[in-house]
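Heads up: the structure comes next, in C-alpha cells.
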2 protein chains.
Amino acid sequence: MNVKILCLGILSFGEMTGYDIRKLASEGRFSHFCEAGYGSIYPALSQLTEAGHVTFAEEAEAGKPNRKIYSITESGRQALHLALSSAPGADRFKSEFLFHSLFADKMPDDYFRTRLAAKISETRATVERLKSSLEKCDHEPSGFALGFGVAINEAALAYLEQYDETVIMKAALEDSGFMESVDE
Amino acid sequence: MNVKILCLGILSFGEMTGYDIRKLASEGRFSHFCEAGYGSIYPALSQLTEAGHVTFAEEAEAGKPNRKIYSITESGRQALHLALSSAPGADRFKSEFLFHSLFADKMPDDYFRTRLAAKISETRATVERLKSSLEKCDHEPSGFALGFGVAINEAALAYLEQYDETVIMKAALEDSGFMESVDE
DNA sequence: TACGTCATGTAAGTCGTTACATGATTGG
DNA sequence: CCAATCATGTAACGACTTACATGACGTA
C-alpha cells in the first residue's frame with residue numbers, strides 16, 4: 001500500500017485537495033491504519049496526474065497558491081481495482097514504546113511509570129477520537145475499519161491500565177518500606 | 001527506533017550473530033512491534049562496529065562464511081541509554097487489510113469473506129505464537145511487551161470473528177433468497 | 001534430490017521523511 | 001500579536017527493501 005494507491009483510494013470517495021488527503025490520512029478517519037505526509041502525497045499526486053489516474057481542477061485565489069481539487073479518473077479506478085485484487089500484505093505494528101519498555105528494569109524508577117502514564121492518556125485519546133468518528137460514520141466499510149481500531153485500542157488501554165495499577169501498588173509498598181526506615 | 005538502536009537493544013540481552021538478531025526481530029519475541037531484515041541488519045552491524053558500539057568474535061568454519069558473534073560494548077550501552085532517555089515516538093499501525101476492507105462493497109461478494117477468513121486464521125496464529133512465547137518468558141519487561149501483543153491480537157481476533165458471524169448470516173439470508181427463485 | 005536452515009554480505013533502487021520556502025486569513 | 005489553519009511544493013537525505021551471490025549440511 002504505497003502512497004499512490006492510498007491517494008487513489010481516498011479520492012475514490014470524493015474529490016479533494018492534497019491538503020485534505022493528508023488530513024484524512026494522518027489525522028482523520030483513515031489515520032489509524034496508514035500514514036502519509038505532504039512530502040509523499042504531493043509528489044504522488046503529480047505522478048498520478050502524469051499517469052492519467054487523476055485530474056485536477058484549479059481554483060485561483062489571490063495570494064494563496066492555486067487550490068487543486070483532484071478527482072480520480074476511470075483509469076485511476078482501474079489501477080485501484082488492480083491493486084485491491086491482489087492479497088493485502090501483512091499488517092505491521094511498530095512500537096517504540098514497547099521497545100523502550102523492554103529496558104524498564106535498567107532505567108530509573110520513575111522512567112517507566114512516566115512513559116506508561118503518557119501512553120495511557122495517548123491511547124485514551126485515540127479511543128475517544130475513533131469512537132466519535134465511528135458515531136459520525138455512515139459508510140459501512142469505514143465503520144468496520146474504525147470498529148477494528150476501537151477494539152484494539154480499547155484492549156491496549158485496558159491492558160495498560162491494569163498494569164499501571166500493579167505498578168502503583170508495588171511503588172506504594174516500596175515507599176512504605178522506605179518510610180519506616182527513613183521517617184525520623 | 002532505527003535498526004542500529006534495535007540491534008543494540010537486542011545485543012544488550014546477550015551476544016549473538018546477525019542471523020540471530022534478524023530471527024528475533026522478524027520472527028521471534030520482538031517481532032510483534034518491530035521489523036528488520038538482513039539487508040538492514042548487516043549494514044547496521046558494520047556501522048556499529050566502526051563506531052565501537054559493538055565488537056565481534058569471528059569463528060571460522062570450513063566452507064561457511066565466518067560466523068561473527070557480536071557483543072555490545074560499554075560505549076554501545078551508553079548509546080542505547082541515550083536513545084532510551086528521550087521519549088519514544090508514536091506507535092504506528094499499518095494495515096493493508098483495513099485499507100482493502102474500505103472497498104469491500106465495491107468488490108466481488110466473496111472477496112471480503114476470503115480476506116476476512118485469511119486474516120482471522122493469521123491473527124489466531126499470531127495469538128498462539130505470542131502466548132507460547134509468553135509462557136516461556138521469564139524476563140518481566142519482555143513479558144509486558146508480549147502481554148500487550150496478546151491483548152491487542154486477541155481483541156482483533158474477537159472483533160473479526162464476531163464480524164465474520166454477521167457476514168455469514170447475511171450471506172445465508174441472501175442465499176436462501178436466491179435458492180427460492182433459482183431452485184427449479 | 002530438493003528443500004529448509006544456517007550464515008554473510010552487497011548493490012541498486014524505492015520510498016518516504018525532514019526541512020525549507022511562501023503567504024493569506026482568522027481567532028484568541 | 002501570535003498561533004493555527006489553509007495550501008502547495010521541492011530538495012536533500014536517510015532508511016529500508018529486494019534481489020542477487022555463495023555455499024555447506026541435514027533431512028525427508
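Atom set for the values below is all heavy atoms of this structure, side chains included, hydrogens, waters and symmetry mates excluded. Chain naming here is simple, since letters A, B, ... match the order of the sequence lines and numbering starts at 1 in each.
Rounded to whole angstrom, the span from the CZ atom of B:Arg92 across to the C1' atom of C:dC15 amounts to 14 Å. Computed from coordinates, the A:Arg67 CZ to D:dC6 C1' distance equals 9 Å when rounded to whole Å. Between the CG atom of A:Leu24 and the P atom of D:dC6 there is a distance of 12 Å, rounded to whole Å. To the nearest angstrom, P of D:dA15 lies 12 Å from CG of B:Leu48. In this structure, B:Met16 atom CE and C:dA7 atom C1' are separated by 15 Å, rounded to whole Å. Taking atom OH of B:Tyr42 as the reference point, atom C1' of D:dA15 lies 19 Å away to the nearest angstrom. Atom pair A:Tyr70:OH and D:dA7:C1' shows a separation of 11 Å (rounding to whole Å applied). Note: CD (A:Glu27) to C1' (D:dC6) measures 12 Å, nearest angstrom.
Closest to the side chain of B:Tyr38, from the set D:dT8, C:dT8, C:dT17, is C:dT8. Comparing atom distances between the A:Asn2 side chain and each of D:dC6, C:dC15, C:dC6 picks out C:dC15 as nearest. Among the nucleotides C:dA7, C:dT17, D:dT10, the one closest to any side-chain atom of A:Ser40 is C:dT17. With C:dG9, C:dT5, D:dC16 as the candidates, the nucleotide lying closest to the side chain of B:Val3 is D:dC16. The side chain of B:Lys68 has C:dG9 as its nearest neighbour among C:dG9, D:dT10, D:dA15.
OP1 or OP2 of C:dC6 has not a single side-chain nitrogen or oxygen of B:Thr17 nearer than 4.0 Å. Contact check, B:Lys23 against C:dC6: a side-chain N or O comes under 4.0 Å of OP1 or OP2.
Contact of the A:Tyr70 side chain with the A:Leu48 side chain is not registered, since no non-hydrogen atoms from C-beta on lie closer than 4.5 Å. Residues A:Ser101 and A:Lys119 form no side-chain contact, since every pair of their non-hydrogen atoms from C-beta on lies 4.5 Å or further apart.
Closest of all the heavy-atom pairs between B:Tyr111 and A:Leu84 is OH-O, 3.0 Å.
Counting heavy atoms of neighbouring residues, nucleotides and ligands inside a 6.0 Å radius, atom CD of A:Glu161 exceeds 12 of them.
Centroid-to-centroid, the aromatic rings of B:Tyr42 and B:Tyr19 stay 6.0 Å apart or farther.
Taking the nucleotide of DNA chain C with the nearest heavy atom to each of B:Gly18 and B:Lys94, the more 5' of the two is matched to B:Gly18. Taking the nucleotide of DNA chain C with the nearest heavy atom to each of B:Ile69 and A:Lys4, the more 5' of the two is matched to B:Ile69.
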